[in-house]
Amino acid sequence: MTSWHHLSSDWLNWADQLAPAAQKINRHLIDALDLPTLARAADGRGLAVLDLASGVGEPAFGIARMLADNNDADEALRGQVIASDIVPGMCAGLAERAGAEEIGNLSVVAADMEKLPFGTGTMDAISCRFGVMFCHDPDAALGEANQVLRTGGRAAFMLWAPLVDNPLFSAMDAVLGNILGTGFADAGLDLFGFADPASATARMARAGFGDVTITTHNPAGRIPERAAFWKPQMEMLFGPQLRAATDAERGAIDAAMFEALRPYVTDGHFQVPICFHVLAGVKG
């Protein structure tokens with residue numbers, strides 16, 4: 001299992017640059033929470049939303065903006081967001097970014113999602129973007145999420161679909177394996193623990209969730225072909241290994257990544273698909 005404590009600087013370095021792309025795909029996760037329906041059921045109380053493994057702030061920031069008092073789109077849609085992460089350095093950077101963006105209805109709590117420091121039945125909704133698969137015991141984390149939700153509350157998890165459907169990760173795994181002798185398995189990274197939909201929905205049900213759904217999404221960006229667009233993901237997952245690499249090795253990695261992803265270049269742009277699931281359920 002990887003240690004995220006060594007990666008917080010890598011994540012924070014890319015936070016602002018990656019936020020627009022993150023917000024585009026986060027809508028699938030936020031839609032699965034169905035916050036307007038939860039808000040109507042809360043009858044003016046104001047929602048309490050917990051975001052797990054918040055990293056540098058998404059989707060916690062987007063949800064907080066939806067629930068802010070100055071959001072006039074839906075009078076009933078109000079509430080507070082708790083952004084949480086197991087890494088104190090990540091939490092510190094996250095809090096600083098929230099302050100700079102003047103997000104007033106968001107608080108930050110350092111929390112291990114396998115042992116959440118919140119009371120039973122205290123949250124209306126829980127979101128988690130590409131986080132639960134990295135837990136030491138993901139099923140314990142799902143159970144904890146169910147425990148802190150109110151009856152009728154919703155949880156939604158964004159998860160990577162299989163490696164074969166994510167050519168960026170396939171290329172990254174092969175290239176880093178060839179040049180640095182390390183890939184996902186060597187680094188203790190299990191990105192694809194929830195890739196199989198049948199297994200993922202069964203795990204959600206075992207954790208106590210009802211009305212379990214899973215949807216699969218395949219967006220593709222459009223990025224100029226000279227852009228080394230894999231660098232953020234690579235540094236956020238393999239920061240220590242890349243810092244230990246020589247300049248020649250880093251150059252070779254970029255050259256090999258360009259070559260591996262060349263089949264996805266059309267009209268001077270990379271169009272590399274990504275594939276992920278959104279797994280959602282309701283506390284009965």
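Computed from heavy atoms alone, side chains included, the values below leave out hydrogens, waters and symmetry copies.
L67 CG to R78 CZ: the interatomic distance, rounded to the nearest 0.5 Å, is 9.0 Å. Atom CG in L50 sits 4.5 Å away from atom OG in S84 (nearest 0.5 Å). In this structure, CD1 in I30 is found 4.5 Å from CD1 in I63, a value given to the nearest 0.5 Å. Between L168 atom CG and D173 atom CG the span is 11.0 Å, to the nearest 0.5 Å. With rounding to the nearest 0.5 angstrom, the CG atom of L242 is 12.0 Å from the CE atom of M236. Separation of atoms CZ (R150) and NZ (K283) is listed at 10.5 Å; rounding is to 0.5 Å.
Annotation: cation-pi geometry satisfied between R203 and F194 (NZ/CZ under 6.0 angstrom from ring centroid, within 45° of ring axis).
Residues N105 and Q80 have side chains that never bring a donor and an acceptor to within less than 3.5 angstrom of each other. For the residue pair D85 and S54, no side-chain donor N or O sits within less than 3.5 Å of a side-chain acceptor on the partner. T37 and D34 share a donor-acceptor pair across their side chains, judged by distance under 3.5 Å alone.
Looking at L106 and L94, their side chains come closer than 4.5 Å, going by heavy atoms from C-beta outward. The shortest side-chain heavy-atom distance between V272 and W230 does not fall under the 4.5 Å cut-off. Residues R262 and F270 are not in side-chain contact: their nearest non-hydrogen atoms beyond the backbone lie 4.5 Å or more apart. Using a 4.5 Å heavy-atom cutoff, the side chains of P219 and P273 are not in contact. By the 4.5 Å heavy-atom criterion applied to side chains, Q233 and M172 are counted as neighbours. Side chains of I126 and V49 form no contact here, defined as non-hydrogen atoms less than 4.5 Å apart. Looking at heavy atoms from C-beta onward, I86 lies out of side-chain contact with M113 at the 4.5 angstrom threshold. Inter-residue side-chain proximity for L159 and M133 is flagged as met; some heavy-atom pair is nearer than 4.5 Å.
Residue L237 comes nearest to F134 through the heavy atom pair CD2-CZ, 4.4 Å, listed as atom of the first residue, atom of the second, then distance. A pairwise comparison of heavy atoms in Q241 and A187 identifies NE2-CB, 3.7 Å as the closest pair. Counting all heavy atoms, side chain and backbone alike, F192 lies closest to A161 at CD2-O, 3.1 Å. Between S127 and L29 the shortest heavy-atom distance is CB-CD2, 4.2 Å. Contact detail for V132 and A141: the closest heavy-atom pair is CG2-CB, 3.9 Å. Taking both residues in full, the closest heavy atoms of L180 and A245 are given as CD2-CB, 3.9 Å, listed atom of the first, atom of the second, then distance.
A distance-only check finds a donor-acceptor pair linking the side chain of D124 to the backbone of A48 [under 3.5 Å]. Between the E249 side chain and the T246 main chain, a donor and an acceptor come within less than 3.5 Å of each other. Between the N178 side chain and the V175 main chain, no donor and acceptor come within less than 3.5 Å of each other. A distance-only check finds no donor-acceptor pair linking the side chain of N146 to the backbone of L142 [under 3.5 Å]. The main-chain N or O of D267 is found under 3.5 Å from a side-chain atom of H269 such that the two form a donor-acceptor pair. At least one donor-acceptor pair closer than 3.5 Å links the side chain of E114 to the backbone N or O of D137.
Here R27 pairs with nothing under the salt bridge (Lys or Arg N to Asp or Glu O under 4.0 Å) rule; sequence neighbours left out. Here T215 pairs with H217, V278 under the side chain to side chain contact (heavy atoms under 4.5 Å, CB included) rule; sequence neighbours left out.
Under a hydrophobic-cluster definition in which Ile, Leu, Val, Met, Phe, Trp and Tyr are linked whenever side-chain heavy atoms come within less than 4.5 Å, directly or via other members, L163 and L191 are assigned to the same cluster. Note: the hydrophobic cluster containing I274 also contains M158 (ILVMFWY, side chain heavy atoms under 4.5 Å, direct or indirect links).
For E235 and R243, the salt-bridge test fails: no basic side-chain N is under 4.0 Å from an acidic carboxylate O. Salt bridge annotation for D211-R154: absent, with no cationic side-chain nitrogen under 4.0 angstrom from a carboxylate oxygen. Classification of R129 and D51 as a salt-bridged pair fails, no side-chain N sitting under 4.0 Å from a carboxylate O.
Sorted by first and then second residue, the pairs that involve residues 143-167 and meet ring pair (Phe, Tyr, Trp, His ring centres under 6.0 Å), not counting sequence neighbours, are F130-W160, W160-F169.
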Between F276 and I25, does the side chain to side chain contact (heavy atoms under 4.5 Å, CB included) criterion hold? Intermediate values first, please. CA-CA 10 Å; F276 60 88; I25 67 168; 4.0 Å; yes
Passes side chain to side chain contact (heavy atoms under 4.5 Å, CB included), K231 versus M257? Steps please. CA-CA 10 Å; K231 281 183 184 261; M257 288 296 292; over 6 Å; no
As a quick check of understanding, evaluate side chain to side chain contact (heavy atoms under 4.5 Å, CB included) for I82 and F118, giving each step before the final call. CA-CA 11 Å; I82 298 172; F118 309 106; 3.9 Å; yes
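Under a cut-off of 6.0 angstrom, the local environment of CD in Q271 is crowded, with over 12 non-hydrogen atoms contributed by other residues, nucleotides or ligands.
Results of the side chain to side chain contact (heavy atoms under 4.5 Å, CB included) test with T201 over T213, D196, V212 single out V212 as the only residue that passes. Considering L116, L52, D139 in turn, L116 is the only one that fulfils the side chain to side chain contact (heavy atoms under 4.5 Å, CB included) rule with E144.
Ring centers of F238 and F184: under 6.0 Å apart, within the cut-off.
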